[in-house]
Amino acid sequence: LALKDNVTGRDAPLVTRLRKAGVVILGKTNLSEWANIRSSTSSSGWSAVGGQTRNPHAIDRTPCGSSSGSGSAIAAGLAWAAIGTETDGSITCPASVNGIVGFKPTVGMVSRTHVVPISHSQDTAGPMTRSVADAALLMNALAGGDAADAATAEAYKYKTDFTAGLATASLNGVRIGVMRKAAGSHPALLALFDKALLDLKAAGAELVEIDFTAPPEIGRDEFTVLLYELREDMAAYLRSLPGPGLPRSLGDLIAFNKATPAELRWFGQDIFEQAETATDKAAYEKARANSLRLAGPEGIDRLLQENRVAFLVAPTEGPAWPIDLVLGDHFVG
């Protein structure tokens, strides 16, 4: 509600790129309140402006988030494709529970200018579609450099025709790492995972079981990074808005929400309040360096290299849980 009347009169560069590629913009979909970074007990798909987004496959169930409306709209056939944004699961989770295709591009492939931020280290927009081919086609339009977003400095170096080779692609002889410890414990989900693995094997892939559990400090340090960058990046974004009388800092948003009962009807803003006090730069820099090391050189990079695999596979998310505005989300597996 703090930005409900904010009409900027501008397109984000990623939207400009879509228009140039011939895309017709139908509208905006409902986003989980502040991309699920306001409260630790939020309900994915709820915002004070749009209400509760529902899963079109079972309308009492969550659409996940935070790109909830984008996932639901594509699953319901309301559009050819949608754009989601992800810091940590906000494309992949709604893609998973709505039964569509979505992925988080490498940070720096797609401009973030004029996109409401959480973290400049992790934020990116990405495609949400009904097929892999459509996602690749949409990525062709999205990817590219933006002088206003330093992270995209090398985007054109890595941009390619993402649809090239789809028609003749093969898994024959491809080594794929199976992350079984990342599959959770839900029986029906595990059965589907086993079936998917058999499908990969039948397509010619060589499956390699990988025994790995991510160290818990990855999540701890990532959260430290998100809190610090949320306060800094949100203020920079809010200060860039052209309209009068708007909030200009995370503190302004916290104050607005406290004065607006409709905002805090179902859940609070404890994460906002934590972020407002996250001012220890040295702790932030240490956490950022450690999380990068654990996730990259000692994580994904090491697992790919040591096991000589092209991919790592695991289920994205468990089944869609019943919507619960009182207790919030119930992630399963």
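- Within 6.0 Å of atom CD1 in I25, more than 12 heavy atoms from other residues, nucleotides or ligands are found, so the atom counts as buried in its surroundings.
- No cation-pi contact links R239 to Y237, judged by a cut-off of 6.0 Å to the six-membered ring centre and 45° from its axis.
- Interatomic distance, OG of S39 versus CD1 of I271, reported as 6.0 Å (0.5 Å rounding).
- Residues L1 and K4 are in side-chain contact: their nearest non-hydrogen atoms beyond the backbone lie under 4.5 Å apart.
- When all heavy atoms of S111 and D146 are compared, the closest pair comes out as OG-OD2, 2.7 Å.
- Residue Y156 places its OH atom among more than 12 non-hydrogen atoms of other residues, nucleotides or ligands, all under 6.0 Å distant.
- Within the model, atoms OG1 of T277 and OH of Y228 stand 12.5 Å from one another, a figure rounded to the nearest 0.5 Å.
- The shortest distance between side-chain heavy atoms of I91 and F103 does not fall below 4.5 Å.
- Between R180 and D194, at least one side-chain N (NZ, or NE/NH1/NH2) sits under 4.0 Å from a carboxylate O, which counts as a salt bridge.
- Counting heavy atoms from C-beta outward, R61 and I323 have side chains that stay 4.5 Å or more apart.
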Chi angles and distances behind the side chain to side chain contact (heavy atoms under 4.5 Å, CB included) call for S42, W266: CA-CA 8 Å; S42 61; W266 295 111; over 6 Å; no

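- Looking only at side-chain heavy atoms (C-beta outward), S249 and M234 stay at 4.5 Å or farther from each other.
- One finds a salt bridge joining R38 and E263 here, because a Lys/Arg side-chain nitrogen approaches an Asp/Glu carboxylate oxygen to under 4.0 Å.
- Of the candidates S67, S72, S70, S68, S70 is the only one forming a side chain to side chain donor-acceptor pair (under 3.5 Å) with T29.
- For the pair A135 and V101, the tightest heavy-atom approach, listed with the atom from each and the gap, is CB-CG1, 4.0 Å.
- Using a 4.5 Å cut-off on side-chain heavy atoms (C-beta onward), L312 and L303 make contact.
- Taking a cutoff of 4.0 Å between a charged side-chain nitrogen and a carboxylate oxygen, K195 and D199 qualify as a salt bridge.
- T152 OG1 to K157 NZ: the interatomic distance, rounded to the nearest 0.5 Å, is 14.0 Å.
- Using a cut-off of 4.0 Å between Lys/Arg side-chain N and Asp/Glu carboxylate O, D123 and R112 are scored as not salt-bridged.
- Using cut-offs of 30° and 60° for the angle between ring planes, the W46 and F267 rings count as perpendicular.
- Rounding to the nearest 0.5 angstrom, the gap separating the CD atom in Q269 from the CG atom in N257 is 4.5 Å.
- Between S66 and C93, every side-chain heavy-atom pair lies at or beyond the 4.5 Å cut-off.
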Verdict with reasoning, D324 to H330, per side chain to side chain donor-acceptor pair (under 3.5 Å): CA-CA 8 Å; D324 188 341; H330 309 292; 3.1 Å; yes

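- For the residue pair T92/E317, the side-chain donor-acceptor check at 3.5 Å is not satisfied.
- A salt bridge links R302 with E306: at least one charged nitrogen is closer than 4.0 Å to a carboxylate oxygen.
- We find the OG1-CE distance between T163 and M139 to be 12.5 Å, quoted to the nearest 0.5 Å.
- Checked by atom type, the side-chain pair Q122/E222 shows a donor-acceptor distance below 3.5 Å.
- Here the straight-line distance linking atom OG1 of T160 with atom CG of N140 works out to 8.0 Å at 0.5 Å rounding.
- A heavy-atom distance below 4.5 Å is found between the side chains of I176 and L200.
- Two residues are said to be in side-chain contact when any heavy atoms from C-beta on lie closer than 4.5 Å; L138 and L18 meet this criterion.
- The shortest non-hydrogen separation linking S32 to G45 is OG-N, 2.8 Å.
- Under 4.0 Å is where a charged nitrogen must lie from a carboxylate oxygen, and between D211 and K181 at least one such pair does.
- By the 6.0 Å contact criterion, CD1 on I300 is open, its count of non-hydrogen atoms from other residues, nucleotides or ligands being 12 or less.
- Donor-acceptor pairing under 3.5 Å is recorded for the side chains of S121 and E229.
- Not counting sequence neighbours, S96 has no partner by the side chain to side chain donor-acceptor pair (under 3.5 Å) test.
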Evaluation steps, salt bridge (charged side-chain N to carboxylate O under 4.0 Å, His left out), between D221 and R288: CA-CA 7 Å; D221 289 349; R288 176 70 180 134; over 6 Å; no

Side chain to side chain donor-acceptor pair (under 3.5 Å) between T113 and D149, intermediate numbers included: CA-CA 6 Å; T113 301; D149 183 356; 5.1 Å; no

